[in-house]
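The structure appears right after this line, and notes come after that.
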Amino acid sequence: MKTNSNIPHKGKKSPPGQKPLEAITRLVDAFLPHSSPVVSDDANTLITMNAEDGHQQIILLLEGEIKVYRSSDNLLYGIATAPAILGLMTSEYSSSSFIFKGKKESKVSALSRETAIDLIVDNELVRELIAYSTSFTDYRSYHSDLMINRTAYDIICGLLQEMERLPEEIRRKNSMANFILERSNLARSGVMKILADLRVGGYIDIQNGKLIAINKRLPDEY
């Protein structure tokens, strides 16, 4: 492993900023009276962007979380936490590229995308829409930069840094190896070896499989 203190880690790019909670809250408040609850009756309820009439709909996540998987390979793309809006800036084509699963305890509602657009215009929520759209685009760009044309080591370092940014109560519940494997096509043996080497080198603190902390700057090369 080689470290150059003058060069940022090549697998690391500044993550997106915090999601615009105020803008999302205003949008949700406008949409909610025109939405219908989505029943989540099992641990992984499939949530669709297509309404029964065939038209596209958007999802309001009011409580809990929704996991987003790529439909092409079933890899975990990301986890949306409440409050969140899914599908507002998504075409019918791009929405079919993902699978959405809500937990039983999640509170979810849905409404027509066309209705949502009309409400944005009627309630003069264009600024809120732009703030929401910017954060959505930032995350997709960040995810692409993390995964595309990166080595296994780069991906692991990026996901270590992503895990470190999560609240401690979430880190304590999630295995670091599983966190990486759910989000990549990497082999378990390779992931475990790199994590073990980083741990032996004192770069990371992992206890019972859970990431406690990144102790120092990760090496640029493995």
Side-chain angles (χ1 to χ4, degrees), residues 1-4 7-19 43-44 46-47 61 64-82 84 86 94 97-103 106 135-222:
M1 296 184 181
K2 299 179 181 180
T3 301
N4 185 330
I7 303 175
H9 183 273
K10 65 179 179 179
K12 180 180 179 182
K13 184 176 181 178
S14 297
Q18 294 183 344
K19 64 182 180 181
N44 289 290
L46 187 63
I47 299 173
L61 177 59
E65 64 181 38
I66 290 176
K67 289 187 175 183
V68 183
Y69 298 85
R70 290 196 317 209
S71 55
S72 59
D73 52 16
N74 206 38
L75 284 181
L76 182 61
Y77 183 83
I79 300 177
T81 57
L86 302 175
S94 57
S97 300
F98 298 97
I99 299 170
F100 305 88
K101 293 183 179 180
K103 290 188 173 181
S106 297
S135 66
F136 180 81
T137 302
D138 282 351
Y139 181 80
R140 296 196 70 166
S141 298
Y142 165 73
H143 187 275
S144 296
D145 183 75
L146 176 63
M147 294 297 179
I148 296 177
N149 295 324
R150 296 291 183 183
T151 66
Y153 175 68
D154 287 335
I155 293 172
I156 289 171
C157 286
L159 291 173
L160 277 166
Q161 291 155 350
E162 184 170 324
M163 173 66 94
E164 188 189 37
R165 290 190 293 271
L166 296 177
E168 183 178 355
E169 61 269 20
I170 295 178
R171 287 190 279 116
R172 292 283 186 176
K173 294 178 181 178
N174 289 275
S175 157
M176 190 65 238
N178 289 342
F179 184 85
I180 294 169
L181 293 169
E182 283 185 321
R183 291 162 172 77
S184 69
N185 283 314
L186 302 178
R188 176 176 286 275
S189 59
V191 170
M192 299 304 293
K193 184 179 187 308
I194 290 175
L195 290 178
D197 288 345
L198 289 172
R199 184 181 183 185
V200 170
Y203 294 97
I204 59 176
D205 182 5
I206 288 184
Q207 298 178 18
N208 298 319
K210 313 299 194 297
L211 179 69
I212 305 302
I214 296 178
N215 296 326
K216 56 185 177 181
R217 186 175 176 278
L218 299 173
D220 293 302
E221 298 180 13
Y222 178 75

What distance do [X] atom [atom1] and [Y] atom [atom2] have between them, rounded to the nearest 0.5 Å?
| X | Y | atom1 | atom2 | result |
| --- | --- | --- | --- | --- |
| E182 | L75 | CD | CG | 9.5 Å |
| I194 | L218 | CD1 | CG | 11.5 Å |
| F98 | I47 | CZ | CD1 | 15.0 Å |
| I66 | I79 | CD1 | CD1 | 11.5 Å |
| D205 | K210 | CG | NZ | 13.0 Å |
| T81 | L61 | OG1 | CG | 7.5 Å |

Identify the two heavy atoms, one from [X] and one from [Y], that lie closest to each other, and give their separation to 0.1 Å.
| X | Y | result |
| --- | --- | --- |
| L211 | E164 | CD2-N, 3.9 Å |
| S175 | M163 | O-CE, 4.5 Å |
| I204 | I206 | CD1-CD1, 3.6 Å |
| L181 | L186 | CD2-O, 3.4 Å |
| M192 | A177 | SD-CB, 3.5 Å |
| E221 | Y153 | C-CE2, 4.0 Å |

Taking the side chain as everything from C-beta on, heavy atoms only, tell me whether [X] gets closer than 4.5 Å to [Y].
| X | Y | result |
| --- | --- | --- |
| I99 | K67 | no |
| Y222 | I156 | no |
| M176 | I180 | yes |

Looking only at atom types and distance, does a side-chain atom of [X] sit under 3.5 Å from a main-chain N or O of [Y], one as donor and one as acceptor?
| X | Y | value |
| --- | --- | --- |
| R150 | D145 | yes |
| R171 | I212 | yes |
| K101 | Y69 | no |

Legend entry - Other residues, nucleotides, ligands: >12 heavy atoms within 6.0 Å of N208 CG: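 No, the 6.0 Å shell around CG holds no more than 12 heavy atoms from other groups.
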Inset, instruction - Begin with the C-alpha distance, continue with both residues' side-chain angles, and end with the deciding distance and a verdict on side chain to side chain contact (heavy atoms under 4.5 Å, CB included) for M147 and L159. - result: CA-CA 10 Å; M147 294 297 179; L159 291 173; 4.1 Å; yes
Inset, instruction - Test side-chain hydrogen bond (donor to acceptor under 3.5 Å, both in side chains) on R199 and N215 and set out the steps. - result: CA-CA 10 Å; R199 184 181 183 185; N215 296 326; over 6 Å; no
Inset, instruction - Report the C-alpha distance between L198 and I214 in whole Å, list the side-chain angles of each, state the deciding distance to 0.1 Å, and finish with yes or no for side chain to side chain contact (heavy atoms under 4.5 Å, CB included). - result: CA-CA 10 Å; L198 289 172; I214 296 178; over 6 Å; no
Inset, instruction - Could you tell me how the ring of Y77 sits relative to the ring of Y139: parallel (under 30°), tilted (30 to 60°) or perpendicular (over 60°)? - result: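 Y77 and Y139: perpendicular rings.
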Inset, instruction - Carefully, step by step, assess E162 and F179 under the rule side chain to side chain contact (heavy atoms under 4.5 Å, CB included). - result: CA-CA 10 Å; E162 184 170 324; F179 184 85; 4.1 Å; yes
